[in-house]
J.: 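Mind having a look at this structure? Questions to follow.
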Amino acid sequence: MMSMKYAATALIAGSLALAACTSEPEHVEEPDGVPGLSVSNARMMLAPVSGNPAAVYFDVDYQADRGLSISRAHVEGAESATLHAYGEWEGKMQMAEAMPIAMTKGDTIKFEPGGLHVMAFEVAPEIEPGDTVEVTITVSGGDKHSFDAEVRAAGDER
């Protein structure tokens, strides 16, 4: 009879311990974006030929103390996106995938035609000029910063 009391007590204690382990953790509010990083003038230029990649341009400003690098991009409604840059190769200016883009406090980098930009591949056909898409850049350490980009037609101001 005494072992039944111990067994019941152990069962109750074990259930309470298990309940404590599976209880909901306290919600911790994560800051939006990357501290010190801000984006302005964001726009996505659709390709003049349907099915070709779109280009995303924007200005990024960084004011935090810790250096970082922009390593990836994601564009809502595109199958994939990559950071691109122009550079000289074999005596010609050519576009290629960019290496991570380093930033330190006080840097402003322009993603613009003829320079750094994001290429958005296989953009959904329902995305049209006047729409807005969410663009997310990933920085060293995995933090992400999202912002809206206005969708523009190929012939619009870049």
J.: Please answer: with hydrophobic residues joined when any side-chain heavy atoms are less than 4.5 Å apart, are Val118 and Met103 in the same cluster?
T.: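 The answer is yes; both residues are in one hydrophobic cluster.
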
J.: Could you tell me how the ring of Phe111 sits relative to the ring of Phe58: parallel (under 30°), tilted (30 to 60°) or perpendicular (over 60°)?
T.: parallel

J.: Kindly compute the distance separating CG (Leu37) from NZ (Lys144), expressed to the nearest 0.5 Å.
T.: 13.5 Å

J.: Would a single hydrophobic cluster contain both Met95 and Phe121, if residues Ile, Leu, Val, Met, Phe, Trp and Tyr are joined by side-chain heavy-atom contacts under 4.5 Å?
T.: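 Phe121 and Met95: one cluster.
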
J.: Considering only distance and modelled atom types, tabulate donor-acceptor pairs under 3.5 Å from the side chains of residues 67-83, sequence neighbours left out.
T.:
residue	atom	partner	partner atom	Å
Ser71	OG	Thr138	O	3.2
Glu76	OE1	Glu134	N	2.8
Thr82	OG1	His84	NE2	2.9

J.: Are Val56 and Ile101 connected in the hydrophobic side-chain network, where two residues link if heavy atoms are under 4.5 Å apart?
T.: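 Cluster IDs for Val56 and Ile101 match.
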
J.: Taking Phe147 as the starting point, is it possible to reach Ile127 by hopping between hydrophobic residues whose side chains are less than 4.5 Å apart?
T.: yes

J.: For Arg43 and Glu157, run side chain to side chain contact (heavy atoms under 4.5 Å, CB included): C-alpha distance rounded to whole Å, both residues' side-chain angles, the deciding distance at 0.1 Å, then the answer.
T.: CA-CA 10 Å; Arg43 65 251 184 237; Glu157 182 181 339; over 6 Å; no

J.: For the residue pair Met44 and Val123, establish whether any side-chain heavy-atom pair is separated by less than 4.5 Å.
T.: yes

J.: When you measure from the side chain of Arg158 to the backbone of Glu112, do you find a donor-acceptor pair of N or O atoms at a distance under 3.5 Å?
T.: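 Checking the backbone N and O of Glu112 against the side chain of Arg158, no donor-acceptor pair under 3.5 Å is found.
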
J.: Minimum heavy-atom separation for Gly33 and His145, please, with both atom names.
T.: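 In this case the closest contact between Gly33 and His145 is CA-ND1, 3.3 Å.
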
J.: Once you round to the nearest 0.5 Å, how far does CG of Leu116 lie from CD1 of Ile109?
T.: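 Going from the CG atom of Leu116 to the CD1 atom of Ile109 covers 7.0 Å.
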
J.: For Val151 versus Glu128, what's the shortest heavy-atom pair and its separation?
T.: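 Residues Val151 and Glu128, closest heavy atoms: CG1-O, 3.4 Å.
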
J.: Considering residues, nucleotides and ligands other than Met99, do more than 12 of their heavy atoms fall under 6.0 Å from its CE?
T.: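 No, not enclosed.
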
J.: Output the distance between atom OG1 (Thr104) and atom CZ (Arg66), rounded to the nearest 0.5 Å.
T.: 12.5 Å

J.: Rounded to the nearest 0.5 Å, how far apart are CD of Glu150 and CG of Asp148?
T.: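 Nearest 0.5 Å value for the CD-CG distance: 11.0 Å.
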
J.: Once you round to the nearest 0.5 Å, how far does CG of Asp61 lie from CG of Asp107?
T.: 8.5 Å

J.: Run the side-chain hydrogen bond (donor to acceptor under 3.5 Å, both in side chains) test against Thr132 and tell me which residues pass, sequence neighbours left out.
T.: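 None.
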
J.: Membership question, hydrophobic clusters at under 4.5 Å side-chain separation (ILVMFWY): are Met119 and Tyr57 in the same one?
T.: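 Different clusters.
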
